[in-house]
**Q** 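First the structure, which I've put down as structure tokens, then a few questions once you've had a look.
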Amino acid sequence: MSERLAVVSGGGTGIGAAVARALVVDGCSVLVVGRRPEVLTAATERIGAESGRPDAIRSVTADLTDPDHVVKVVEAVGGRPVDVLVNNAGGYHSADSGTLAGIAANWRATLDTNVLTAVLLTEALRPALRRPGGRVILISSIAAQRGGGDAYSAAKAALHGWAYSLAAQLGPDQITVNVVSPGYVAETEFFAGRMTPEGHAQRVAATLVGRAGVPDDVAESVRYLASPAAGYVTGQVLGVNGGSVLGR
């Protein structure tokens with residue numbers, strides 16, 4: 001079998017970089033996508049050196065909210081079948097609730113960053129997904145299941161509904177679509193400048209295992225869903241949250 005190709009959005013830091021590294025170690029050729037070229041360069045060099053496979057990872061700079069930028073990813077794929085697509089790009093936008101215009105701007109930005117990025121990239125690469133055997137994986141959040149994040153919670157929850165529809169559409173081609181929903185993962189940029197020691201302690205206390213998550217916890221779940229072993233798993237939301245929200 002030829003080397004599998006994986007595309008990972010938001011792959012320069014945190015969870016995305018951990019996912020990219022796990023897939024490289026598993027023997028995939030990985031294309032990481034992000035908005036910051038210097039961050040992507042640093043990540044690809046580090047992962048290539050750590051894995052001993054520097055030629056197996058490369059990057060493309062693109063703002064996935066812009067359809068013209070998404071085309072860059074298609075061009076970088078270069079006509080190869082895409083075995084694994086991990087939609088990890090996303091982020092939190094601080095709310096401006098002072099005016100209706102501010103609320104509207106925050107919601108639009110949040111939906112664009114967390115939902116539109118996944119939709120545009122998936123639709124652009126949809127014809128290239130390997131048939132049979134392709135894998136589409138969306139990175140959501142515990143906020144989609146328990147709320148508390150306002151626009152962010154709503155955006156991540158939207159990924160769940162879309163994933164169910166996409167799984168039904170792609171199932172006949174034996175392409176699986178699943179969601180990984182992380183809980184509190186401390187070692188990422190998501191909480192940069194916003195996490196207090198008290199907030200950290202509260203989130204750890206809410207788990208059943210007594211610790212915060214790390215990016216590798218999420219990467220290992222993605223690794224399974226991306227593998228041939230998960231060929232009969234589709235349309236599912238996998239919570240990776242230390243038990244802070246129980247399965248249902």
Side-chain angles (χ1 to χ4, degrees), residues 1-91 113-114 116-131 133-139 175-178 180 187-190 214-216 218-228 230:
M1 181 183 292
S2 61
E3 188 176 57
R4 300 172 79 217
L5 173 62
V7 178
V8 180
S9 71
T13 62
I15 290 171
V19 168
R21 184 178 62 187
L23 295 176
V24 167
V25 169
D26 275 356
C28 292
S29 172
V30 177
L31 176 67
V32 293
V33 186
R35 294 178 293 108
R36 298 174 292 175
E38 67 284 355
V39 172
L40 291 176
T41 298
T44 56
E45 290 178 351
R46 183 182 68 255
I47 292 169
E50 291 174 351
S51 65
R53 302 185 65 219
D55 295 332
I57 183 164
R58 56 198 175 96
S59 66
V60 58
T61 304
D63 178 351
L64 296 178
T65 65
D66 185 336
D68 292 335
H69 280 224
V70 177
V71 174
K72 297 180 183 180
V73 183
V74 178
E75 292 171 347
V77 167
R80 288 182 60 183
V82 175
D83 295 273
V84 182
L85 171 57
V86 182
N87 286 293
N88 172 68
T113 299
N114 293 283
L116 190 62
T117 52
V119 171
L120 292 180
L121 183 59
T122 302
E123 290 301 323
L125 294 179
R126 186 168 177 164
L129 292 172
R130 188 177 292 279
R131 292 164 168 81
R135 303 282 187 264
V136 179
I137 301 165
L138 312 176
I139 306 299
I175 297 170
T176 67
V177 181
N178 291 288
V180 174
E187 299 173 13
T188 71
E189 292 184 340
F190 184 84
V214 297
D216 282 345
V218 183
E220 289 300 318
S221 298
V222 173
R223 191 179 205 170
Y224 163 66
L225 292 172
S227 74

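Numbering starts at 1 and runs along the sequence shown. The structure displayed is predicted, hence computed values, not measured ones.
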**Q** Using every non-hydrogen atom in the two residues, find where L64 and S9 come nearest and quote the distance to one decimal.
**A** CD1-CB, 3.6 Å
**Q** Using a 4.5 Å cut-off on heavy atoms from C-beta on, say whether the side chain of V19 contacts that of V30.
**A** no
**Q** Considering only heavy atoms from C-beta outward, does the side chain of I57 approach that of R53 to under 4.5 Å?
**A**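 Counting from C-beta outward, I57 and R53 never come under 4.5 Å.
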**Q** Hey, is E123 close enough to R126 for a salt bridge, meaning N to O under 4.0 Å?
**A** yes
**Q** Does R58 use its side chain to pair, donor to acceptor, with the backbone of A56 at less than 3.5 Å?
**A** no
**Q** Decide whether T122 and N87 meet the rule of one side-chain donor and one side-chain acceptor closer than 3.5 Å.
**A** yes
**Q** Looking only at heavy atoms, which two atoms of A20 and I47 are closest? And how far apart?
**A**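 Result for this residue pair: CB-CD1, 4.1 Å.
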**Q** Within this structure, what is the CZ-CG distance for the pair R35 and D66, rounded to the nearest 0.5 Å?
**A** 12.5 Å
**Q** Please report the closest heavy-atom contact between A124 and V74, naming both atoms and the distance.
**A** CB-CG2, 3.7 Å
**Q** Between atom CG of D63 and atom CG of D68, what is the distance when rounded to the nearest 0.5 Å?
**A**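 The CG atom of D63 sits 10.5 Å away from the CG atom of D68.
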**Q** Say whether, by atom type as modelled, one donor and one acceptor occur between the side chain of D83 and the main chain of A6 under 3.5 angstrom.
**A**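 The answer is no, because no donor-acceptor pair under 3.5 Å joins these two groups.
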**Q** Could you tell me which non-hydrogen atom of V60 sits nearest to which non-hydrogen atom of A76, and how far apart they are?
**A**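 So the two residues come closest at CB-CB, 4.3 Å.
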**Q** Over all heavy atoms of both residues, which pair between K72 and T61 is shortest? Give the atoms and the distance, please.
**A** CD-O, 3.5 Å
**Q** Go through V77 and L31 one step at a time and tell me if the side chain to side chain contact (heavy atoms under 4.5 Å, CB included) criterion holds.
**A** CA-CA 8 Å; V77 167; L31 176 67; 4.1 Å; yes
**Q** Which heavy atom of L5 sits nearest a heavy atom of P81, and at what distance?
**A** CB-O, 3.6 Å
**Q** Are any side-chain N or O atoms of D26 and backbone N or O atoms of C28, one a donor and one an acceptor, separated by less than 3.5 Å?
**A** no
**Q** Can any side-chain N or O of N88 pair as donor or acceptor with the backbone N or O of G10 at less than 3.5 Å?
**A** yes
**Q** Let me know which of R130, R4, R223 forms a side-chain contact (heavy atoms from CB on, under 4.5 Å) with V84.
**A** R4
**Q** Check whether any side-chain heavy atom of S227 lies under 4.5 Å from a side-chain heavy atom of Y224, and answer yes or no.
**A**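 They are in contact (side-chain heavy atoms under 4.5 Å apart), so the answer is yes.
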**Q** When you compare the side chain of P67 with that of L120, does any pair of heavy atoms fall below 4.5 Å?
**A**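 Side-chain contact under 4.5 Å: yes.
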